[in-house]
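Structure record follows, encoded as structure tokens.
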Number of protein chains: 2
Amino acid sequence: MVEKEKQILAAALRLFVAFGFHGTPTSKIAAQAGVSNGTLFHYYKTKEDLVIALYNDIKAELGAYLSAQTGGQDSLETRLKKSFIHSLYWALDNQDKFYYIQQFHFSPHLAKISPEVIAAQSRVHLQLIEEGIAAQLLMPLPVQLLFTLVSSQVYGLYQYLADPAFPADQRTAVIEEAFALLWRMIKK
Amino acid sequence: MVEKEKQILAAALRLFVAFGFHGTPTSKIAAQAGVSNGTLFHYYKTKEDLVIALYNDIKAELGAYLSAQTGGQDSLETRLKKSFIHSLYWALDNQDKFYYIQQFHFSPHLAKISPEVIAAQSRVHLQLIEEGIAAQLLMPLPVQLLFTLVSSQVYGLYQYLADPAFPADQRTAVIEEAFALLWRMIKK
DNA sequence: GTCTATATCTCGATAGAC
DNA sequence: GTCTATCGAGATATAGAC
């Protein structure tokens, strides 16, 4: 991916998050990226192409980050905890991107992403939970249900921690506490 | 609110959920509502006015429904459970409306809603949790944190249950189970 | 690959009769 | 209050020179 492409994606991210898909014309994206309107449409055939490319780019980045953190031979609890913590840190350090994912998720654009691609994104997490159930460390419940409960706790906790009024230096303590609660909930 | 107004809101809900804010022109809303373009703008000065009015209408309906379920002298656990269950049932029975709330939430329109109004919506839930902490029934944690954890579990469980592949006759059982897990997590 | 210039279209909003 | 008709703005996307 060349420089201009990155600039376009970066500008699109900023503007979409600030003004929504509707509220940001391609002309403004091009202007903020420092390229002409024509160049933007050289890289992305349509505006929707751009919206989707941005989503895929962010998802790929998040996926790469998380799998880089997946150490090896820790206990299951530790691996789950690391995954929990790093998801939160990534979200807190990349709030625009995290917001964009959710904005995209609640938009008709989501229909353009194939179900297989979406499923692939959570596969590694599902496997972790499956392993925990098989080893009788986690409650014997449907994998999807446990996964949903864990994920939604990440989302919820993010909302709590992302509040500008919340002191950043207390984040770690709250995350630790929240994971302890989560573990209490899902452990067998 | 007169008949035509309701028809406009109903059409707007259907279309916004299906095609997004951008993807649904006011002309289509008017057509689906069976009124003319001019009439739509008689009731709502701008398209954004309509978007916001729809949000407030849905929120009011949800608020009315939930407070109607708030019985009186049950135990705190039971009241919390009822609130949990009824939130879920409302969401499952009003999926378009629930989706719209979230779609609105992840859009720039949210900025047009005053923080006081948003805070008022969760006041009753916060009080319940506050009471639980004071009575030493719940973990001694920040009220907002516990509220966030409970809410996000509702959202997450909703996603799980709203999946068309999930058999509707097993909903109650899963909701019961999920509340038991939740209670295990937050009880002192 | 990048730009300028512009075609084409659609949408939100208004005017004014009834 | 409701309609028809329409204006003007601004959007996406393309054409074609460099």
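In what follows, chains are A, B, ... by sequence order, proteins preceding strands, each numbered from 1. All values below come from the heavy atoms of this structure, side chains included, with hydrogens, waters and symmetry mates left out. In this text, all values refer to a predicted model and were calculated from it rather than measured experimentally.
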When His42(A) and His22(A) are each assigned the nearest nucleotide of DNA chain D, the 5'-most assignment goes to His22(A)
Would you confirm whether Ser151(A), through its side chain, and Phe147(A), through its main-chain N or O, come within 3.5 Å as a donor-acceptor pair? yes
Can a donor-acceptor pair be found, under 3.5 Å and without considering hydrogens, that links the side chain of Gln102(A) to the backbone of Phe98(A)? yes
Determine, using ring centers only, whether Tyr155(B) and Tyr155(A) are less than 6.0 Å apart. no
Inset, instruction - Give a yes or no on whether the ring-centroid distance for His105(B) and Tyr55(B) is below 6.0 angstrom. - result: no
Chain A reaches DNA chain D, atoms under 4.0 Å from its heavy atoms, from dA11(D) to dT14(D)
Between [atom2] on [N] and [atom1] on [X], what's the gap in Å once rounded to a whole number?
{"X": "Phe41(A)", "N": "dT6(C)", "atom1": "CZ", "atom2": "P", "result": "18 Å"}
{"X": "Phe16(B)", "N": "dG12(C)", "atom1": "CZ", "atom2": "C1'", "result": "12 Å"}
{"X": "Leu50(B)", "N": "dC11(C)", "atom1": "CG", "atom2": "C1'", "result": "14 Å"}
{"X": "Lys47(A)", "N": "dC9(C)", "atom1": "NZ", "atom2": "C1'", "result": "15 Å"}

Residues at least two apart in sequence or cross-chain that pass ring-ring contact (aromatic ring centres under 6.0 Å, His included) with Tyr99(B), listed by chain then number, are Phe106(A)
Heavy-atom nearest nucleotide on DNA chain C taken for Gly23(B) and for Gly38(B); more 5' hit belongs to Gly23(B)
ask   = For Val35(B), which contact category applies under a 4.0 Å heavy-atom criterion: base, sugar-phosphate, or nothing?
value = sugar-phosphate
The complete set of salt bridge (charged side-chain N to carboxylate O under 4.0 Å, His left out) pairs with one or both residues in residues 65-79 of chain B, sequence neighbours excluded, reads Asp74(B)-Lys82(B), Arg79(B)-Glu131(B)
